[in-house]
Enquirer: 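I am attaching a structure below and will ask some questions about it afterwards.
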Amino acid sequence: MESSVKVEKPNTQLKVDRLGTLDLIQKYGMVMILLLITIVFSILSPNFLTYSNIVSILRQVSIIGIIAAGQTLVIITAGIDLSVGSIVALAGIVSAMVALGTESALLGITAGLLTGTLIGLFNGILISKLKLTPFIVTLASMTLFAGFALVVSGGNPIIVSEPLFKFIGQGYIGPIPFPVIVLMFIYLFFFFLLKKTVHGQYIYSIGGNEKATILAGVKVDIHKMIVYATSGFLAALASIILTSRLSSASPVAGAGYELDAIAAVILGGTSLFGGRGNVLGTLIGVLILGVLTSGMNLINVSPFYQNIAKGIIVLVAVIIDRLINRDK
Amino acid sequence: MNKSEELLLLKGINKKFGPVQILYDVDLSIYKGKVHALMGSNGAGKSTLMKIIAGDYTLDSGTIHLDNQLININSPGEAKSHGISVIHQELNLVKELTVSENIYLGKELTIGFGNFINSKKKALSKTKEIINKYNIQLDPLKKVKDLSIGEQQLVEILKAVSEESKVLIMDEPTAALSAEETKQLFKVITSLKSKGIGIIYISHRLDEIQEICDYVYILRDGRNVSEGLINHFSNERIIEEMVGSQIDNIFPSSDRKKGDELLRVEKIQNNILRSISFSLYEGEIIGIFGLIGAGQSEILNVLFGTKKKADGNIYVKNKLAKISSPIDAKKLGLAYVTENRKEEGLLLELGSEENMVLPSMGKFSSLGIKKQSLIKKVANDYKETLKIKLASISQPVKNLSGGNQQKVILGKWLLTGPEIILLSEPTRGIDVGARVEIYKLLDQLANESRKGIIMASSDADEVIGVSDRIFVVFEGEIIAEIDKSEATRERLMEFASGAKYLKEGV
Ligand SMILES: Nc1ncnc2c1ncn2[C@@H]1O[C@H](COP(=O)(O)OP(=O)(O)OP(=O)(O)O)[C@@H](O)[C@H]1O
Ligand SMILES: [Mg+2]
């Protein structure tokens with residue numbers, strides 16, 4: 001049989017949504033989880049859904065939130081930054097010491113931010129120029145700079161009570177705490193950066209296929225260094241907010257923050273393999289963790305169980321991610 | 001063919017991805033001991049259909065019968081248990097494992113108490129058996145990462161034949177094979193045929209289809225358009241049915257005039273290359289021909305700064321050029337269409353839009369901010385010019401068919417507005433229709449836009465059809481320069497295999 005059925009080309013050019021349906025499910029899936037736990041806690045505790053508690057949650061998450069924004073960029077490039085917790089410790093100590101020594105909050109803050117940025121740059125240079133793996137480099141600097149924080153401070157917390165310094169972590173603009181404003185600004189800024197700028201485009205490209213990006217004549221090394229420096233800068237910024245809120249810098253502050261930040265990024269749907277993700281997802285992830293912590297505190301769950309609950313949530317999210325990607 | 005010999009019968013297969021329907025009521029019958037060509041343009045749905053049989057995708061509607069029994073295939077494991085093996089278009093090997101470990105991956109041969117111990121020795125001797133049986137040159141103890149792409153392809157084939165298969169699917173198995181390796185493969189296929197295995201063979205190389213296949217199926221836009229015994233299908237007819245119209249000249253025959261010198265290479269050397277010297281002129285296409293691994297892509301790698309040269313000079317427009325990275329090369333007006341799409345060419349998770357503008361972000365941004373609407377417009381223009389078949393320019397390129405992926409890479413480099421274009425195996429895996437368009441495009445770029453083009457390819461006909469001059473590379477050296485008018489397939493092969501070289505002692 002030799003049929004030659006000549007059929008006209010069907011119109012298969014239907015528009016597929018820019019995000020793809022699966023991405024949407026995943027994104028909204030996390031929003032659903034956030035809503036769900038919010039509803040559960042509001043039922044369990046009448047104090048949960050009050051204005052003051054919401055503001056307090058936002059203020060609490062601002063620190064991890066700011067760190068997680070930087071971590072998102074790093075993870076999209078298929079890297080990881082384990083040193084952010086130690087940066088929180090060291091940058092806090094440095095800024096407190098400089099602020100005390102010079103009696104200038106501004107100088108203190110600048111010194112702290114500079115410390116974080118330089119550590120990030122240090123990571124970035126080792127990773128891009130010496131082609132070391134991000135995990136190893138940042139693991140080493142995590143230990144290294146945690147040690148620095150202890151040495152520089154002599155192991156003691158440093159009290160700062162300078163008013164300007166205090167404002168950063170404790171002040172309000174109108175009814176909104178200043179750290180929350182910083183958090184919102186950071187997320188808007190990085191949302192814009194990833195979506196609209198060339199640097200943002202390269203961040204996705206590097207994570208998606210570094211070799212192809214190099215072959216496209218992109219200065220991959222420089223963009224990677226910027227990403228790690230950004231992560232360091234944001235960790236330092238978070239550290240200054242923390243120091244200001246507690247009116248003191250502790251050499252052991254920030255321990256474990258890297259894990260919370262990474263968890264938030266993963267909850268937000270950013271792929272650990274790189275090339276995929278966004279900061280809005282991370283913000284949802286941060287809020288999920290924040291709502292969980294606050295809610296469990298309100299209903300007096302013991303911290304031991306809190307960890308278990310958080311662990312389960314992260315696992316569930318990763319499983320959802322896996323299931324969705326298997327279908328792709 | 002004889003109904004009783006029927007092995008696998010697909011009826012009314014439909015498949016959608018999201019809202020886009022890819023396959024419409026496709027039928028396919030596979031017979032024992034026959035090789036069935038599955039032909040169709042890029043994106044026609046060949047791989048999708050095969051992935052349904054292989055259990056990678058599930059069908060929306062339709063039936064599959066194997067040996068007259070209705071079967072369901074919901075996973076690769078189920079396909080395997082029905083005796084269906086696949087050699088995918090993309091290689092699926094574990095690079096850090098050896099040849100024999102890869103062949104027995106997932107079906108390790110065990111010994112000892114409770115069959116607890118993985119006997120690599122047993123796997124090794126079995127592998128040697130198979131290698132000898134099909135007369136293949138391959139070291140079973142080598143790690144896959146140390147093999148050439150062609151050899152890796154052979155490992156895939158051995159992996160499939162080491163199973164007791166009834167149906168064997170080969171999705172463009174020869175796309176990366178040298179002529180010699182292709183011959184080896186055909187020997188393997190012939191012996192599989194004699195064992196009664198039904199083979200589905202996908203390729204864009206028509207002469208292969210004529211040589212090895214018994215029966216042809218042609219798909220167009222996801223529908224059956226034609227089928228029959230191979231001797232009823234001339235190349236012209238196959239092309240016509242695939243494309244839907246006739247194609248007269250595969251190669252354009254414009255009269256190109258050489259202009260000024262664009263590029264001059266003087267005595268380039270490194271661990272692979274030996275004293276390479278030549279010049280490239282405006283409006284000229286140079287073809288570099290050689291067996292896989294002879295060094296033809298190394299020349300391009302050095303020119304584009306992805307490999308280092310130990311010695312020698314490169315001049316771009318008569319100026320000494322220092323090219324130590326792709327960044328330098330791009331600044332000097334070079335573009336490089338690499339041969340390895342997935343590893344070097346594409347950002348698989350991103351859309352073709354983002355892929356295409358990647359090297360020219362400078363042009364598509366101001367003060368570091370992307371000009372989104374310009375990018376969209378240009379990407380859409382290139383999609384039209386290159387006739388890239390896709391649902392939307394932001395659809396991740398990993399979901400495009402192989403040929404369309406290649407066009408995205410071409411588009412990406414054309415967008416940089418290069419003066420010198422380097423291409424390595426530019427039409428690998430590309431259908432005839434698209435191939436003709438690419439040849440036309442190359443001709444236009446040289447003839448009208450006055451670009452200089454260097455194309456490395458292991459397809460002799462393509463090299464002869466497209467180039468003005470042909471360099472044959474053998475063991476890292478240009479051993480012959482042949483003018484288009486004097487080039488024949490035989491001459492190229494003779495030089496490339498070293499026969500001529502050794503004989504004449506040039
Ligand atoms: N997972 C997927 N999601 C969405 N679309 C897909 C997916 N896989 C394939 N497609 C689309 O289905 C169509 C058919 O693709 P397929 O890979 O089957 O083509 P093909 O005939 O094998 O082409 P080629 O000769 O280029 O390999 C293409 O338009 C492709 O973009
Ligand atoms: Mg295919």
Side-chain angles (χ1 to χ4, degrees), chain A residues 1-24 76 78 192-223 226 270-271 273-277 325-328, chain B residues 17-22 24 220-228 232 240-241 244 304-306 325-331 336 338 340 342-351 354-355 357-362 364-365 368-370 372 389-392 394-396 398-399 409 412-413 416:
Chain A
M1 68 142 237
E2 306 234 320
S3 61
S4 294
V5 205
K6 306 257 185 266
V7 247
E8 260 320 293
K9 193 175 153 190
N11 181 22
T12 51
Q13 309 282 319
L14 283 178
K15 198 106 181 109
V16 169
D17 189 279
R18 145 109 223 153
L19 284 162
T21 19
L22 290 170
D23 281 2
L24 284 176
I76 295 176
F192 174 82
L193 179 117
L194 282 177
K195 237 188 161 62
K196 302 279 181 196
T197 70
V198 175
H199 178 54
Q201 179 69 63
Y202 290 163
I203 289 177
Y204 284 106
S205 307
I206 292 168
N209 187 341
E210 186 165 342
K211 216 163 160 187
T213 312
I214 293 173
L215 276 166
V218 173
K219 292 174 180 148
V220 167
D221 289 0
I222 294 189
H223 289 280
I226 296 175
T270 294
S271 160
F273 299 111
R276 220 153 46 84
N325 281 315
R326 195 185 56 190
D327 264 22
K328 270 195 178 171
Chain B
F17 287 114
V20 186
Q21 182 140 8
I22 305 296
Y24 298 81
R220 185 160 78 232
D221 294 323
R223 300 169 200 261
N224 290 95
V225 286
S226 185
E227 62 171 275
H232 297 298
E240 194 186 335
E241 305 262 20
F304 204 66
T306 56
S325 74
I327 301 170
D328 299 333
K330 204 174 76 179
K331 274 197 200 124
Y336 186 14
T338 48
N340 200 326
K342 295 242 157 108
E343 277 166 31
E344 300 171 336
L346 293 170
L347 312 167
L348 291 170
E349 298 283 343
L350 300 183
E354 278 143 318
N355 271 281
V357 296
L358 181 67
S360 9
M361 283 311 287
F364 296 107
S365 62
I369 311 283
K370 295 191 279 180
Q372 208 61 261
K389 190 173 176 243
L390 35 70
S392 117
S394 37
Q395 173 186 20
K398 68 175 175 192
N399 292 342
I409 300 178
K412 143 171 130 173
W413 284 110
T416 63

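Naming: A, B, ... by sequence-line order, numbering from 1 per chain. The figures that follow rest on heavy atoms only: side chains count, while hydrogens, waters and symmetry mates do not.
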Enquirer: At a heavy-atom separation under 4.5 Å, does B:Phe304 approach chain A through its side chain, its backbone, both, or neither?
Expert: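 For B:Phe304, the contact with chain A is made by the side chain alone.
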
Enquirer: Side chain from CB out, backbone as N, CA, C, O: work out which of these in B:Ser325 comes under 4.5 Å of a heavy atom of chain A, or both, or neither.
Expert: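 The answer is neither part of B:Ser325.
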
Enquirer: Of all residues at least two apart in sequence or in a different chain, which pass the side-chain contact (heavy atoms from CB on, under 4.5 Å) check with A:Ile226?
Expert: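 For A:Ile226, the residues satisfying side-chain contact (heavy atoms from CB on, under 4.5 Å) (neighbours in sequence not counted) are A:His199, A:Ile222, A:Thr230.
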
Enquirer: Which atoms of B:Gln372 are under 4.5 Å from chain A, going by heavy atoms: the side chain, the backbone, both sets, or neither?
Expert: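 Contact with chain A involves the side chain of B:Gln372 alone.
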
Enquirer: Measure B:Lys330 against the heavy atoms of chain A and call it side chain, backbone, both or neither at under 4.5 Å.
Expert: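 Contact with chain A: side chain only.
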
Enquirer: Roughly how far apart are A:His223 NE2 and A:Gln201 CD, rounded to 0.5 Å?
Expert: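 With rounding to 0.5 Å, NE2 (A:His223) is 11.0 Å from CD (A:Gln201).
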
Enquirer: Can you tell me how far CG of B:Leu350 sits from OH of A:Tyr204, rounded to the nearest 0.5 angstrom?
Expert: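 Spacing of OH (A:Tyr204) from CG (B:Leu350) equals 9.0 Å.
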
Enquirer: With a 4.5 angstrom heavy-atom cut-off, could you sort out which part of B:Ser360 is near chain A: side chain, backbone, both or neither?
Expert: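 Neither the backbone nor the side chain of B:Ser360 comes within 4.5 Å of chain A.
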
Enquirer: Going through the distances and angles, do B:Glu344 and B:Ile409 end up as a side chain to side chain contact (heavy atoms under 4.5 Å, CB included)?
Expert: CA-CA 10 Å; B:Glu344 300 171 336; B:Ile409 300 178; over 6 Å; no

Enquirer: Looking only at atom types and distance, does a side-chain atom of B:Lys412 sit under 3.5 Å from a main-chain N or O of B:Gly345, one as donor and one as acceptor?
Expert: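 Side chain of B:Lys412 to backbone of B:Gly345, a donor-acceptor pair under 3.5 Å: yes, one is there.
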
